[in-house]
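What follows is a short report on a single structure.
What you see below is based on every heavy atom in this structure, not just the backbone, and it leaves out hydrogens, waters and symmetry mates. We're numbering straight along the sequence, starting at 1.
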Amino acid sequence: MQSAELILGLLIAVAALVTIARRLGIAYPIFLVIGGLLLGLVPGVPRIEIDPDLIFLVVLPPLLYIAAFFTPVTSLRANLGIIGSLAIGLVIATALAAAAVARALIVGMTWPVALALGAIVAPPDEIAATAIAARLGVPRRIMTILEGESLLNDATALTIYSVAIAAAVGGSFSPTSAAATFALAIVGGLAIGVAVGWVIAHIRSRIEDTPVEITISLLTPYAAFLSAERLGASGVIATVAAGLYLGHLRSRIMGADARLTGRAVWETITFLLNGFVFLITGLEVPLLLRSLAPALAMRLVGIGIAVSLVLILVRALWIFGTLVVPQMIRRRKDAPGPVANALVLSWAGMRGVVSLAAALALPTSLPAGGPFPAREALVIVTLTVIVFTLVGQGLTLPWLILALRLGADVEVRGHDASARQRLLEAATRRIHELYPVWPGHRPLLDRLRETYEHRAEHVERQREDPASEEDRELIEHREIKRAVIDAEREALLRLRTEGEIDDEVLRNLERELDLEERRMDA
């Protein structure tokens, strides 16, 4: 009962803190960590023992799956070289650098244990960074690189982690065995993920029951993750592969109702999972430090800050060395890595859910007996890195983006306008074809034609001059339509109050108004 009350209290705290964060214009993961830190300082707050399987098996798969599901495959493929460099090369370099610093600063730490710490803190988490970047309208290419890197870097880091833990526990390390393990994890994960996605796609294409579809959707990440883990492959890669495969096919295998409902369900689930994890991260730091001697606690926090600075430095050197410098040498003006973009990518390397999960999953004891070496130190250093990067980099990233004056892609806006124009042309052609088919419905066809012609005028003016008064006009049109819909809602509620309709009629008509308002906002 106490655990249930504690979870309920944490969820209430998540809702309250996120509401405050949005009013202040701060990305909610950052504010949740700050809120967790403050809650942890309150006397009498109980320490929360988290089962590592809760993060790895319950929280991680759905977060990976839905991020992959909504990742644009075309953009991911176009930037695969950069993403691969960051997700594989940078993660390996970061893990080695962090391991070297930790081994130098923590007395008696062995290389396998240090490498485990390096793997834990190596993969960035894009949640806070993309929330900030999306709100400030940075170029879409930066968003794609951050999302793609976060999808793929977890597999690299967790493979290094598993090899390091095996060496720390068993005392042996073989480069050949490590390379074979890495290759098997990647290739096997890809094959299993695509296979699971293929099966799920065939099942969902034959189902038109929205609750059943949503249930299958919620089970899909666990099917991919657990299947891969049982077969010795990467559950992370399998989940990501399944998400990318099904996301690319979502227009073919899902109906409109399933897409609308599914998106709402997944937004709620990811919000709760992320909120819970980030709040726990902030909460754990003061509670853990309180159990140590003050001098040791301050030393471990200092080591965590030192490791964080190394992570930031390595990321900046890698991005400028592999993206900016070669482009300057080749003088490629169309390349995706000008200095401003590279600065944002360098400063967006905040750590999050995967680092917390890996730290909590560290073994508590060795097979031969005795505790796992420096486990408590590794957990505290990891939590310090997460908090330092989320709060330090997260709070300053908006300032950096604004100072660099990055703007949204003109190319993306042009593609949007062109696509809208093509859709309107197709609709107009079809309306003209329907006149002889439905001669008795000319007034309806006339109204539809006028509506689409009006939309075409908007799109054309927007294409010719994106900085015109068109945006303001569209906002005014939305306000007019919303006023009309609000009038319908008031009339509907009045009819129910007066007893002229029952609740079922209210719900059906209200859903139509909700869909109309959702379409207007989109």
Side-chain angles (χ1 to χ4, degrees), residues 30 33 82-106 109 111 113-126 128-129 132-133 142 145-146 149-150 152-154 156-157 160-161 164 299-329 336-352 354-356 358-359 377-378 380-401 403-404 406:
I30 301 167
V33 169
I82 299 172
I83 293 170
S85 170
L86 297 177
I88 299 176
L90 177 57
V91 168
I92 294 173
T94 303
L96 292 174
V101 172
R103 189 170 184 274
L105 295 178
I106 300 178
M109 177 170 284
W111 271 113
V113 175
L115 189 59
L117 174 62
I120 290 171
V121 299
D125 187 336
E126 99 291 351
I132 295 168
I142 292 180
I145 292 172
L146 289 173
E149 177 194 6
S150 181
L152 302 179
N153 62 13
D154 298 337
T156 306
I160 298 172
Y161 171 83
R299 175 173 169 76
L300 291 176
V301 170
I303 293 171
I305 294 173
V307 170
S308 301
L309 295 175
V310 169
L311 299 180
I312 295 170
L313 179 62
V314 171
R315 182 175 179 85
L317 291 174
W318 184 276
I319 289 175
F320 276 86
T322 59
L323 301 182
V324 177
V325 173
Q327 291 162 13
M328 292 175 64
I329 294 173
V339 174
N341 289 3
L343 283 171
V344 173
L345 286 173
S346 300
W347 201 244
M350 292 163 267
R351 272 56 184 179
V354 174
S355 295
L356 176 66
L378 266 60
I380 292 176
V381 169
T382 300
L383 289 172
T384 303
V385 169
I386 295 173
V387 172
F388 183 87
T389 55
L390 270 176
V391 176
Q393 292 177 273
L395 290 179
T396 53
L397 182 60
W399 172 85
L400 177 64
I401 293 172
L404 294 172
L406 291 175

Say you draw a straight line from CD1 of I312 to OG1 of T389; how long is it, rounded to the nearest 0.5 Å?
7.5 Å
Rounded to the nearest 0.5 Å, what separation is found between the CG atom of L345 and the CD1 atom of I319?
5.0 Å
Kindly indicate, with the supporting measurements, whether the criterion side chain to side chain contact (heavy atoms under 4.5 Å, CB included) is fulfilled by T382 and L356.
CA-CA 7 Å; T382 300; L356 176 66; 5.9 Å; no
If you apply the rule side chain to side chain contact (heavy atoms under 4.5 Å, CB included), what do you find for T384 with I380, and how did you get there?
CA-CA 6 Å; T384 303; I380 292 176; 4.2 Å; yes
Audit row: V339, F320, side chain to side chain contact (heavy atoms under 4.5 Å, CB included) steps and yes/no
CA-CA 8 Å; V339 174; F320 276 86; 4.2 Å; yes
Under the salt bridge (charged side-chain N to carboxylate O under 4.0 Å, His left out) test, residues paired with E149 that sit two or more places apart
R315
Nearest heavy atoms of L146 and A129, plus distance in Å
CD1-CB, 4.3 Å
In Å and rounded to the nearest 0.5 Å, what is the CH2 to CD1 distance from W347 to I401?
12.5 Å
Minimum heavy-atom separation for A316 and S346, please, with both atom names.
CA-OG, 3.6 Å
Within the distance-only criterion (no hydrogens, no angle test), does the side chain of S355 pair as donor or acceptor with the backbone N or O of R351 below 3.5 angstrom?
no
Can you measure from CG (L300) to CD1 (I106) and round to the nearest 0.5 angstrom?
6.5 Å
For residues V307 and I303, determine if any side-chain heavy atom of one lies less than 4.5 Å from a side-chain heavy atom of the other.
yes
Regarding W318 and S85, do their side chains bring together a donor and an acceptor under 3.5 Å, going by distance alone?
yes
Distance in Å, I88 CD1 paired with T156 OG1, rounded so as to fall on 0.5 Å steps:
5.0 Å
For residues 114-126, dump all side-chain donor-acceptor pairs below 3.5 Å to protein atoms at least two apart in sequence or in another chain.
unit_1, atom_1, unit_2, atom_2, d
D125, OD1, I127, N, 3.1
D125, OD2, V353, N, 3.1
E126, OE1, S150, OG, 2.7

Test item: L152 and I83 side chains (from C-beta on) under 4.5 Å apart, heavy atoms
yes
Hey, are the side chains of L90 and V314 touching, using non-hydrogen atoms and a 4.5 Å cut-off?
yes
Give, for atom CG of L96 and atom CH2 of W111, the distance between the pair rounded to the nearest 0.5 Å.
7.5 Å
With sequence neighbours left out, write down each residue that passes side-chain hydrogen bond (donor to acceptor under 3.5 Å, both in side chains) with Q393, or none if nothing qualifies.
none
